[in-house]
Structure formats: C-alpha cells, structure tokens
Amino acid sequence: MPAPQSPLPIVVLISGRGSNLQSIIDCASAGVLAVDIRAVISNRPAAAGLELARRAGIPTEVVDHTRHAERAAFDHALQACIDRYRPGLLVLAGFMRLLTPAFVTHYRGRMLNIHPSLLPALPGLDTHRRAIASGQREHGASVHFVTADMDGGPVIVQARVKVLPGDTPGQLAERVLAREHRLFPLAIQWFAEQRIFLDDNGQIVFDGLPLASPFDLDSEVVLPC
Ligand code: GRF
C-alpha cells in the first residue's frame, strides 16, 4: 500500500448549496481535519457551493451533466477531471447524480457520501418529508462508502435526530443538516487517519477490527469545529 499523504488530498463533488462543503473547509482551516481540498467539482454551473470554494481559494471545476447525452460519457469526463487532482479520497457532499458501476469501481474504498436518513431506512430523495409521512420518531443522517447500490454502501457513522410533533420537512431538514456538519468531517478525519477502510469483502474495518454496526455520532468524540 502506498504511504499515506498528510494532509490527505481530497476532491469534493457538489451539486448545490454546499453547506457540507463549508463545514469541511471550516474544519480543515481550523486544523481539526487533516485534508488538502484540491478541488471542488460541480455538475451544475450555478451551484452556490462553487462560490464558497472560490472564497476559500480552492480550485473549482464544472462538469456539466447536461452537455453529455449518456451517463457513461458524463462519468468518464468527471473521472478525468477528478483524477487530474490525484485525490486520496473523493467526497460526495450533496452531489445529486447517480453514478455508473465503472465510476464507482474506480473509486472503490475511497469515496464517501453523506445521506440525509438513517440508512438503510429511506434511501433516495425527499427523505425528510418521507420520514414525517411514514410516522418515524427518529430520523438523521449517515456517512457511507459508496458502492454500486445507490445509498446502499456500508455505513460508517450516523447522527440521530428526533422527529418532533408538528415538524415540517424544512424544520426537520434544518436540524438534520446541523448534525451533518459534524458528522461528515468526523468520518473524513477517520479516513485521513487511516482508522477506517473498506476491505476486499466490502466490510468496514475500524482500528483494525470489523465494524459490526455504524457508529453513533452522539457516542463519539466530536471534532471541535
Ligand atoms: C445534504 O442534506 C446531504 O445529506 C445530501 O444533500 C444535502 C446537501 O446539502 N446528500 P449541502 O449542499 O451540503 O448544503
């Protein structure tokens, strides 16, 4: 295995607002997340997160999915763009595109996604509304390794949020998002420290031992940022 680089070079993929990107930028600037954000890439030219990256002096790129008729051609262009920056980890922070198996295989074990639900519950879109509509008493967010199974890869760590009586999807989303901003930097830092990796059987290994079930953010030491 090649020696780890410190700080870990990462590339962040976004499609929109970029609040998770901002939390990663803030934790890295505060010195509590050992990453070098080499580039932020969006599939949407108007993604607000691109401006957040520019303000932080991070190179930005747009690989516009509407300019590629085929999903495979888009993924190919995206991969070429990403690999120019030689990341040790690819971070999907609100990247709203399905990925082809070839792309996922290329980044196997070095691609993390954050999803706004307690996976395996509620994969897919519109999770906050669906959590309320289905009467869930608890909701939250998960960070997982990305596999070909959409939102189905092995989960590293989760944050739980109570669904309150009368919650609107917007109110619930806001409380979940606040937890996401702690959750994602923590998982990325574990990866940067080589405390977690995905083994050949698709099993997460944490501190040398198989991870039987995802960590709960509330029982972990949280990064001070
Ligand atoms: C977050 O809720 C994340 O869990 C989901 O997309 C949203 C992105 O928000 N994958 P932001 O762009 O990071 O603000």
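Counting starts at 1 for both ligands and their atoms, in listed order.
Counting only distance, with no hydrogens or angles, the side chain of R175 and the backbone of K162 share a donor-acceptor pair below 3.5 Å.
The distance from ligand 1 to the heavy atoms of R17 drops below 4.0 Å at these ligand atoms: 9 (O), 11 (P), 12 (O), 14 (O).
The closest side-chain heavy-atom distance from I156 to L112 is below 4.5 Å.
The protein non-hydrogen atom at the shortest distance from atom 8 (C) of ligand 1 is G94 CA, 3.6 Å. From the protein, the heavy atom lying nearest to atom 3 (C) of ligand 1 is E180 OE1, 3.2 Å.
If you run side-chain contact (heavy atoms from CB on, under 4.5 Å) between N113 and each of L99, V143, L92, only L92 comes through.
With hydrogens and angles left out, the side-chain atoms of D75 and Q79 include no donor and acceptor closer than 3.5 Å. For the residue pair D167/H139, the side-chain donor-acceptor check at 3.5 Å is not satisfied.
For the pair N113 and ligand 1, the shortest N or O to N or O distance does not fall below 3.5 Å.
In this structure, G18 has a heavy atom closer than 4.0 Å to ligand 1.
Counting heavy atoms only, I114 comes closest to atom 10 (N) of ligand 1 of the residues V143, L183, I114.
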